[in-house]
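Below, chain A is the first sequence line, B the second, and so on; all start at residue 1.
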There are 2 protein chains.
Amino acid sequence: MIKIAIIDDHDLFREGIRLVLGQIEDFDVVFDTSDGSLFLEFLQHTIPDVVLMDINMPIIDGVETTEKSLEMRPELKIIALTMFADTTHYTQMINAGVKGFILKKSNKNELQHAITMVNSGGNYFSQEIIQKLAFQTINSNAGNDSLTSREMDILHWVCTGLTTHEIADKLFISAKTVEVHRNNILHKADVRNSAELIIWAVKNNYFSIE
Amino acid sequence: MIKIAIIDDHDLFREGIRLVLGQIEDFDVVFDTSDGSLFLEFLQHTIPDVVLMDINMPIIDGVETTEKSLEMRPELKIIALTMFADTTHYTQMINAGVKGFILKKSNKNELQHAITMVNSGGNYFSQEIIQKLAFQTINSNAGNDSLTSREMDILHWVCTGLTTHEIADKLFISAKTVEVHRNNILHKADVRNSAELIIWAVKNNYFSIE
DNA sequence: TGTGAGCTAAGGGTTTTCCCTTATGTGAGG
DNA sequence: CCTCACATAAGGGAAAACCCTTAGCTCACA
């Protein structure tokens, strides 16, 4: 029996996954929650074999929960569930200790395969992510550098529609500084303007539309 | 027994909903598909009591499927499943004959309640949508006018990051014309700039991030 | 102790967006 | 037939975004 835990704030989806996995022989969903901190409590007395962790959360809580979980239980096998093929975070996530990436639009077979692979000590990365990564190495530096924390701040406000001047006021810095950050972000994301940037930010989990 | 059909291109989610509903007494999922045209074929020989229809599709196929379904079977009770509380389409959707709106982030109880209500001849609209609509009537004209088809064209290209000039070239019209459309869209959406516009477009199913 | 990354900031330029106005043509519907 | 909505287009100006450069400061790290 493979003991599985699911963390996803999306009630219907989580419940659905639970039932889908429950149908599969040898799979046993021992825990599911919408709240990362409840999972950390759970970890104090039980260790699941495989964890499905939604990354796509308000206030970047998926990544945080992953890191804290692996501090507590470094042997934990975590598969990241993401809405989009997020390639900018993949090194961080792998460094954080994630064993797999699977897209929310995948199907039952793929999910089953991923869980089986990861449980038996392997990795699983969905085809879309692998293809994107391959394409990125061809285009060398395109969208590879990760953002600094200040850049993430600025990106967040850009995505909510604030102007450079407004962001400057909000952060108590010069508009020229915000401009520099914006430009650096544009280069790192390898996009031409705010429109492309916002789409990129959503796809790469820097910003989520609620 | 309430016979239910589910149309959603998101395999795991659809399968999950199917199992969730299958658990409920009196509910019977008689059909589920990722493809709207397959549902139209199905409708030729069977009429479900309630249809759960995902609206959030590539190439606006959810709305189209809804309209065609109701042409074939006007008595059909369709509940729209949406990712966001999309208020700009609500009149069109109600005119099209939809009996309810429910958010994908809702839970099992709410879904069950919605299906029961709609099946017995009622309506169901999730709280979030009702609140947004109430707020909109206070702010009178804010974000109420619907877009023309040309405006939707332009909006699509704005969301993919093309500049006014590039859109003009693509559509073989003057940049000045594109500018007029952009401004009209900004006013109808009641937003200040492209950044806000893109978020608005995603939330209101004018553009979806794939 | 220097080297580098990151935040800060300014100068100075081009391009694009945003925001008015006015105006013509066309097709649908009363 | 006449209005009305829509698409088209232009002028003209203000604001914002975009794109370089240079440069000082701090903090961590080797």
Side-chain angles (χ1 to χ4, degrees), chain A residues 60 88-89 91-92 95 141-202 206-207, chain B residues 60 88-89 91-92 95 141-202 206-207:
Chain A
I60 203 157
T88 62
H89 287 113
T91 31
Q92 287 157 269
N95 287 338
N141 204 32
N144 242 345
D145 301 326
S146 64
L147 301 187
T148 68
S149 68
R150 197 52 156 176
E151 284 165 352
M152 287 190 233
D153 289 347
I154 271 101
L155 177 56
H156 176 262
W157 294 115
V158 170
C159 287
T160 60
L162 296 199
T163 66
T164 295
H165 189 74
E166 287 166 341
I167 296 170
D169 285 350
K170 194 169 276 281
L171 302 180
F172 304 108
I173 57 179
S174 150
K176 270 295 183 184
T177 303
V178 177
E179 231 182 278
V180 170
H181 286 308
R182 281 187 91 132
N183 274 292
N184 291 338
I185 297 168
L186 286 179
H187 282 124
K188 286 185 179 179
D190 191 36
V191 296
R192 300 182 305 153
N193 52 43
S194 297
E196 285 185 358
L197 181 61
I198 288 164
I199 303 300
W200 177 88
V202 171
Y206 283 113
F207 185 73
Chain B
I60 203 156
T88 63
H89 288 113
T91 32
Q92 286 157 270
N95 287 339
N141 203 33
N144 241 343
D145 301 327
S146 63
L147 301 187
T148 68
S149 68
R150 196 52 155 175
E151 284 165 352
M152 287 190 235
D153 290 346
I154 272 101
L155 178 55
H156 177 262
W157 294 116
V158 169
C159 288
T160 60
L162 297 197
T163 65
T164 296
H165 189 75
E166 288 167 340
I167 296 170
D169 285 351
K170 193 168 275 281
L171 301 180
F172 305 109
I173 57 179
S174 151
K176 270 297 183 183
T177 303
V178 177
E179 230 181 279
V180 170
H181 287 307
R182 282 187 90 133
N183 274 291
N184 290 338
I185 296 167
L186 286 180
H187 282 123
K188 286 185 179 179
D190 191 35
V191 296
R192 299 183 304 155
N193 52 43
S194 297
E196 285 185 358
L197 180 61
I198 288 163
I199 303 300
W200 178 87
V202 171
Y206 283 112
F207 185 73

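Rounded to an integer number of Å, the gap from CH2 of A:Trp157 to C1' of D:dA17 is 20 Å. Here the P atom of nucleotide D:dC6 and the CZ atom of B:Arg182 are 20 Å apart, to the nearest Å. For the pair B:Glu196 CD and D:dA17 P, the computed distance is 11 Å after rounding to whole Å. Regarding B:Ile185, its CD1 atom lies at a distance of 11 Å from the P atom of C:dC18, rounded to whole Å. Distance, B:His187 NE2 to C:dT17 C1': 13 Å, rounded to whole Å. Distance CG (A:Asn183) to C1' (C:dT8): 15 Å, rounded to an integer number of Å. The interatomic distance linking A:Asp169 (CG) with D:dA16 (P) rounds to 11 Å, in whole Å. In this entry the distance linking NZ of B:Lys188 with P of D:dA5 reads 11 Å, nearest Å.
At a threshold of 4.0 angstrom between heavy atoms, the contacts of A:Thr177 include nucleobase atoms, whether or not backbone atoms are also involved. Contacts of B:Thr163 with the nucleic acid, taken as non-hydrogen atoms under 4.0 Å apart, involve only primed sugar atoms and P, OP1 or OP2.
Residue A:Val180 places its side chain closer to C:dA9 than to any other of C:dA9, C:dC7, D:dA10. The side chain of A:Arg150 lies closest to C:dT8 when the candidates are D:dT8, D:dG12, C:dT8. Side chain of B:Lys176, nearest nucleotide from C:dA9, D:dG12, D:dA7: D:dG12.
Checking A:Val191 against B:Ser174, the closest nucleotide of DNA chain D that is more toward the 5' end is the one next to B:Ser174. For B:Ala175 and A:His165, each mapped to the nucleotide of DNA chain D holding its nearest heavy atom, the one lying further toward the 5' end belongs to B:Ala175.
Between B:Arg192 and the phosphate of C:dC18, there is no side-chain N or O to OP1/OP2 separation shorter than 4.0 Å. Within the structure, a side-chain polar atom (N or O) of A:Thr164 is placed less than 4.0 Å from OP1 or OP2 of D:dA17. Contact annotation: B:His181 side-chain N/O to D:dT8 OP1/OP2 distance is under 4.0 Å. A close approach under 4.0 Å does not occur between any side-chain nitrogen or oxygen of B:Ser194 and OP1 or OP2 of C:dT16.
The existence of a salt bridge linking B:Lys176 and B:Glu179 is confirmed by a sub-4.0 Å separation between a basic side-chain nitrogen and an acidic carboxylate oxygen.
Between the side chain of B:Glu196 and the main chain of B:Arg192, a donor-acceptor pair closer than 3.5 Å is present.
Residues A:Gly161 and B:Asn193 share a closest heavy-atom pair of O-ND2, 2.9 Å. Taking every heavy atom of both residues into account, B:Thr163 and B:Arg182 meet most closely at C-NH1, 4.1 Å.
Here the side chains of B:Leu171 and B:Ile154 are in contact, with some heavy-atom distance below 4.5 Å.
Between the side chain of B:Glu179 and the base of C:dC18, a donor-acceptor pair under 3.5 Å is found.
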